[in-house]
There are 2 protein chains.
Amino acid sequence: MAKTTTRRSTAADRDRDTEQRILDAAHAVFLRRGTAGARTQEIADEAGVNKALLHYYFRSKDRLAEAVFARTMRGLFPPLLALLGSDLEIEEKVRRFVAFELDALAKNPYVPAYLIAEMNQHPDRVPQLVKSLTGLEIAGVVPKVRAVLQKQIDTRMKARTLRPIAAEQFVVNLISLCIFPFAARPLLCAALQLDAKGFQKLIEDRKTALPRFFLDALRP
Amino acid sequence: MAKTTTRRSTAADRDRDTEQRILDAAHAVFLRRGTAGARTQEIADEAGVNKALLHYYFRSKDRLAEAVFARTMRGLFPPLLALLGSDLEIEEKVRRFVAFELDALAKNPYVPAYLIAEMNQHPDRVPQLVKSLTGLEIAGVVPKVRAVLQKQIDTRMKARTLRPIAAEQFVVNLISLCIFPFAARPLLCAALQLDAKGFQKLIEDRKTALPRFFLDALRP
DNA sequence: GTCTATACTCTGATAGAC
DNA sequence: GTCTATCAGAGTATAGAC
């Protein structure tokens, strides 16, 4: 895909730029229309190029979709895994996780619904992607994070400074509480009669209410 | 759509049956393919009828999609609103909500991802649908439920038998914790290395872990 | 690398017989 | 009400000039 000649790179740079522009455009269109609902024409328009170029750089719509999916996953999860696997206190992990996640999603509100739709339509793509999330480690980073977390919980449990909880349930609860409101935003807005501003307020409130709620659940 | 003649109904019944069969087929196909990814041919096949009949009963794919969306929403939320608006104790509401929801979704695992994708693609359809969820009440049932819940919380709060929490956050947390794991199932299965059986186990565990977690968060 | 033009497939929708 | 046959349009993908 990238040029292999050693030419002084103005051309190579432009190649890269174009490929990048297409990827950015595809990203935007896939996220707002969904993969099946997206049209290659719209992507080409948004990238300021011709449809044929999409096929020059990415062989098909399907491959382009795969690239965008991978890119979106990679943008969201590695920082969170790094955080959960760190040696910070549980309480601090929860606070930072919520803060980071709510901020990131407020800036990219389409991400949750897109990822959910996409992973359910192509469940086969998920496992290999998860494995490669933070590099090429054989053992995979996810089980390691889980082990770190479980050990941390067990220690605190024995010291009677934390209620017992399985590491899986801990993580599932945490990401559910952060991500779901964005995924179901239209429903929440309709049910609670919120406009864009009101939803923003709801999320703002959650930034303080959520860590409190979560940590209260774990406090003995 | 339905016959208006007063004929003795064998024919009218068959009409109804066919319409119902088409709707059932559309329901199944839309849920597993997503609305944009679904093909009318596949729906016709699944209903055992010809494509032309879809247009006879429902004018277009779009209207059929709307009908399925409404049907799915109506199947999921009214019982939950009734529960939350009832005069049961908070604790009992939480327990029953979790039990009901996890059971319902275990039987219909595609529902969350489908609804999320659909409501984000057609946010305009949601408000009118929410209004008509339990009938034709002018005031709407949702604000009423919210008021009931908030009053209940306030009373318990003053009696120091419950931590303060806004009714909105209460509800958002509850549905997030119940629904999200199903919506993100492929991701959870890949990350936690679960097969179908393992996921089932995770949900089974949640039936007891979730009410405990949630009520611990509210216990003073 | 980038464009124009076009081929080909698929899909939603309709016409009309029964 | 239900079917067969068919259309018009849209969509992805490719060929070939520059």
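Any value given below was found using the heavy atoms of this structure, including those in side chains, with hydrogens, waters and symmetry copies removed.
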Original post:
So what does Ala38(B) touch, heavy atoms closer than 4.0 Å: a base, only the sugar-phosphate, or nothing?
Top reply: sugar-phosphate

**OP:** Go through dA15(D), dC3(D), dA13(C) for me and flag the one nearest to the Ala52(A) side chain.
**Re:** dA15(D)

Original post:
What's the closest nucleotide to the Arg39(B) side chain, out of dC3(D), dA13(D), dG12(C)?
Top reply: dG12(C)

Rounded to whole angstrom units, what separation is found between the [atom1] atom of [X] and the [atom2] atom of [N]?
| X | N | atom1 | atom2 | answer |
| --- | --- | --- | --- | --- |
| Arg33(A) | dT12(D) | CZ | P | 13 Å |
| His55(A) | dA13(D) | NE2 | P | 4 Å |
| Arg63(A) | dT14(D) | CZ | P | 11 Å |
| Leu54(A) | dG11(D) | CG | C1' | 13 Å |
| Gln41(A) | dG9(D) | CD | P | 17 Å |
| Glu42(B) | dG12(C) | CD | P | 10 Å |
| Arg59(A) | dA13(D) | CZ | P | 9 Å |
| Tyr57(A) | dA13(D) | OH | P | 18 Å |

Subject >> Check: Arg63(B) side chain, Phe58(B) main-chain N or O, donor-acceptor pair, under 3.5 Å >> reply: no

Original post:
Is there a donor-acceptor pair under 3.5 Å between the side chain of Asn173(A) and the backbone N or O of Leu177(B)?
Top reply: no

Original post:
Does Arg96(A) come within less than 4.0 Å of Asp103(A), counting only side-chain N to carboxylate O?
Top reply: no

Original post:
For dT2(C), does OP1 or OP2 lie under 4.0 Å from any side-chain N or O of Thr18(A)?
Top reply: yes

Original post:
Does Thr40(A) make a side-chain N or O approach to OP1 or OP2 of dG11(D) shorter than 4.0 Å?
Top reply: no

Original post:
Given that Lys61(A) and Asn50(B) both sit by DNA chain D, which one's nearest nucleotide is further toward the 5' end?
Top reply: Asn50(B)

Original post:
Atom CZ of Phe30(B) and atom CZ of Arg39(B): how far apart are they, to the nearest 0.5 Å?
Top reply: 10.0 Å

Original post:
Could you give the distance from CG (Leu194(A)) to CZ (Arg185(A)), rounded to the nearest 0.5 Å?
Top reply: 9.5 Å

Original post:
So does Lys51(B) reach the base of dG12(C) with its side chain, donor to acceptor, closer than 3.5 Å?
Top reply: yes

